[in-house]
Every structure is written in C-alpha cells, then in structure tokens.
Amino acid sequence: MDVGGSAAIVTGAGSGLGAATARALAAVGAKVAVLDRDAEKGAAVADEIGGVFAACDVADAEGAVAALAEARARHGVARILVNCAGIGGAARIVGRDGPMPLDAFERIVRVNLTGTFNMMRLAASDMAALEPLPTGERGAIVSTASVAAFEGQIGQAAYAASKGGIAALTLPAARELARFGIRVNAIAPGIFHTPLLGELPADVQESLGKSIPFPSRLGDPAEFASLVLAVIGNTYLNGEVVRLDGALRMPPR
C-alpha cells in the first residue's frame, strides 16, 4: 500500500512507539489521527506533524467510536490502523501478599488485548466499505505484540497473556478480513527506549541494552516505526507477527 495521501490512525501516539509511528507516517504523506488518553501529549504530537488529535480509551466501546468519528470527519475513512496503545505492570501470580488481584490482571488484558481488538473491529468495518486500491487492498492493520508473548518472564503473567493474545489474534483476523482486502499483521518488539523504560536508572538501562545480542543497545522507537512502514508497504505480508528484538530471547527473570 502506498501510504502517501492515505488516512491513518495511530493509538497510543502521544509518546513512545506510537509517537514515532505517527511521525513516520506523516513524513511520507499520510493524514494521521493521533489517539491517546493523554490529551496534552497527544495534542502536542498532532500539532507537530500536522495531524488531528482525538482523546481515546481504546478499550471503551463508545469512546473509541467517537474518536474514530472525529478522525473520519477530518481525514476521511482511514486505510491504516496502527495499534500502539498499551500498558505494563509486573506482579506474581502468587506473591508475598497472596494471589495477584484479579482486577490487576483484567486491567492489563483489557487495555492491551481488548483495546487492540476494539480498534481493529471498528476500523476494519470502516475500511470494508472503501473502494479497493489497484492492489486490491482496502486497508492495513498493524498491532503491537511483544517478545513477552513468547518468552514472558516471572511477574509478567498478565502482560504476556495480553500480548500473546494479540499475537494469536493476528492470523484469524487476517484470514477473516482477507475477503475485504484488509491485511492484518503485528510487530513483537523487544526492549525499546520508551518513556516507561526511561524512568529506570541509567545503569539499569545500560545493562538491559548489553543483554541484547546485536546491536547491544535498547531499540530506537524510530526503528519500530520504520518496520511499520515496511509492513504496510509490502502487500504480500499478511497474517504475520514479526519480531524486532536484536535476537533477544528473554530469560525467566
């Protein structure tokens, strides 16, 4: 798909991987809608790239409908959806204080997995009504999984389950939406330099970087964004979860 001139929606685009992706899409001519819960950060990114901002909790059905309607009114129906919204959180299934609170597990799964599905179902419904491009495509969806989907560490039960769900969702969604000419892929990033990781001490960040075989450093969000563009641009890539991790394989802890 040629990104230039296409309307695109990026969730979690107020910072980190989402912000880098929004910038990369805008740089090649996409009309980008920045969706985020943080209005200040989201609006700042939208202003920077000449896009539009819409406040959105991706896991809220009515809120997501409203955000997509706002983006559609400004840019038309989006042919591109990139799901970057997500949260972390570490807790053992059975810790010192007993079992992990169920609401803590549900919150992470709700935002990461249910939120991804919510945006996918709504955006795909819009895309299905578009006229196909010369390639036969009507749209492309890229979601964000994680290497934790495959090598979740101790304390990552909720996060790994949510990202594993995104990985498992990708192929059946691609098969189902193929009849509309909508491709569905996911990227599973390793350890990237995001605001969350930036809160760690410098020596901890350096140690994490050295744990990666090559290149032995934290990933740059711009590298994630570059892969998003490649995935969208390659019409034959469909139903795949692509690792982006410098050959990292996570240890148990």
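Worth knowing before you read on, the calculation uses all heavy atoms, side chains too, and leaves out hydrogens, waters and symmetry mates.
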| Val34 and Val52: side chain to side chain contact (heavy atoms under 4.5 Å, CB included), yes or no, with the steps? | CA-CA 6 Å; Val34 172; Val52 59; over 6 Å; no
| message | Between Arg110 and Arg107, is the side chain to side chain contact (heavy atoms under 4.5 Å, CB included) condition met? List the steps. | response | CA-CA 5 Å; Arg110 177 179 181 274; Arg107 175 173 175 267; 5.6 Å; no
[X] side, atom [atom1]; [Y] side, atom [atom2] - distance, nearest 0.5 Å:
{"X": "Ile108", "Y": "Lys163", "atom1": "CD1", "atom2": "NZ", "result": "10.5 Å"}
{"X": "Leu244", "Y": "Ser226", "atom1": "CG", "atom2": "OG", "result": "9.0 Å"}
{"X": "Phe53", "Y": "Glu40", "atom1": "CZ", "atom2": "CD", "result": "10.5 Å"}
{"X": "Phe192", "Y": "Leu218", "atom1": "CZ", "atom2": "CG", "result": "9.5 Å"}
{"X": "Cys56", "Y": "Glu70", "atom1": "SG", "atom2": "CD", "result": "10.0 Å"}
{"X": "Asp97", "Y": "Arg92", "atom1": "CG", "atom2": "CZ", "result": "12.5 Å"}

| said: Taking salt bridge (charged side-chain N to carboxylate O under 4.0 Å, His left out) as the cut-off, I'd like each qualifying pair that reaches into residues 215-236, sequence neighbours left out, listed once. | reply: Arg217-Glu223
Which residues share a side-chain contact (heavy atoms from CB on, under 4.5 Å) with [X], sequence neighbours left out:
{"X": "Val111", "value": "Ile87"}
{"X": "Arg175", "value": "Leu171"}
{"X": "Ala188", "value": "Ala145, Phe150, Val241, Arg243"}

For [X], all residues meeting side chain to side chain donor-acceptor pair (under 3.5 Å), sequence neighbours excluded:
{"X": "Glu206", "answer": "Lys210"}
{"X": "Glu240", "answer": "none"}
{"X": "His193", "answer": "Gln205"}

| message | Working note: Thr194 + Ser15, criterion side chain to side chain contact (heavy atoms under 4.5 Å, CB included); need CA distance, chi angles, decisive distance, verdict. | response | CA-CA 8 Å; Thr194 60; Ser15 62; over 6 Å; no
Among pairs that include at least one residue of [range], which meet side-chain hydrogen bond (donor to acceptor under 3.5 Å, both in side chains), considering only residues two or more places apart or in two chains?
{"range": "residues 134-145", "value": "Asn83-Ser143, Thr135-Glu137, Glu137-Arg183, Glu137-Thr235"}
{"range": "residues 22-38", "value": "Arg23-Glu48"}
{"range": "residues 112-126", "value": "Arg72-Asp126, Asn112-Ser162, Asn118-Arg121"}

Considering only heavy atoms from C-beta outward, does the side chain of [X] approach that of [Y] to under 4.5 Å?
{"X": "Leu25", "Y": "Val10", "value": "yes"}
{"X": "Ile9", "Y": "Val82", "value": "no"}
{"X": "Arg79", "Y": "Met127", "value": "no"}
{"X": "Leu248", "Y": "Met250", "value": "yes"}
{"X": "Phe180", "Y": "Pro132", "value": "no"}
{"X": "Ile141", "Y": "Met119", "value": "no"}

Closest non-hydrogen atom pair between [X] and [Y], with its separation:
{"X": "Ala160", "Y": "Gly152", "result": "CB-CA, 4.0 Å"}
{"X": "Thr21", "Y": "Cys84", "result": "OG1-SG, 4.2 Å"}
{"X": "Ser6", "Y": "Asp2", "result": "OG-O, 3.3 Å"}
{"X": "Pro213", "Y": "Gly246", "result": "CD-O, 3.3 Å"}

Is there a path of hydrophobic side-chain contacts, each under 4.5 Å between heavy atoms of I/L/V/M/F/W/Y residues, joining [Y] to [X]?
{"X": "Val228", "Y": "Val45", "result": "yes"}
{"X": "Val242", "Y": "Val3", "result": "yes"}
{"X": "Val32", "Y": "Ile80", "result": "yes"}
{"X": "Leu35", "Y": "Val58", "result": "yes"}
{"X": "Ile49", "Y": "Leu17", "result": "yes"}

| Val28 vs Leu229, side chain to side chain contact (heavy atoms under 4.5 Å, CB included): CA-CA, chis, key distance, verdict | CA-CA 9 Å; Val28 293; Leu229 293 183; 4.2 Å; yes
| said: Any side-chain to backbone donor/acceptor pair from Gln153 onto Pro251? Under 3.5 Å, distance only. | reply: yes
| query | Any donor and acceptor pair, going by atom type alone, linking the side chain of Asn185 with main-chain N or O of Gly239 inside 3.5 Å? | reply | yes
| request: Share the residues that join Val94 in a hydrophobic cluster, the rule being Ile, Leu, Val, Met, Phe, Trp or Tyr side chains under 4.5 Å apart at the heavy-atom level. | output: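 Result for Val94 is Ile93.
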| task | Could you identify which residues cluster with Leu113, counting Ile, Leu, Val, Met, Phe, Trp and Tyr as linked when any side-chain heavy atoms lie under 4.5 Å apart, either directly or through a chain of such contacts? | result |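 Noted: Leu113 shares its cluster with Met100, Phe105, Val109, Ile166.
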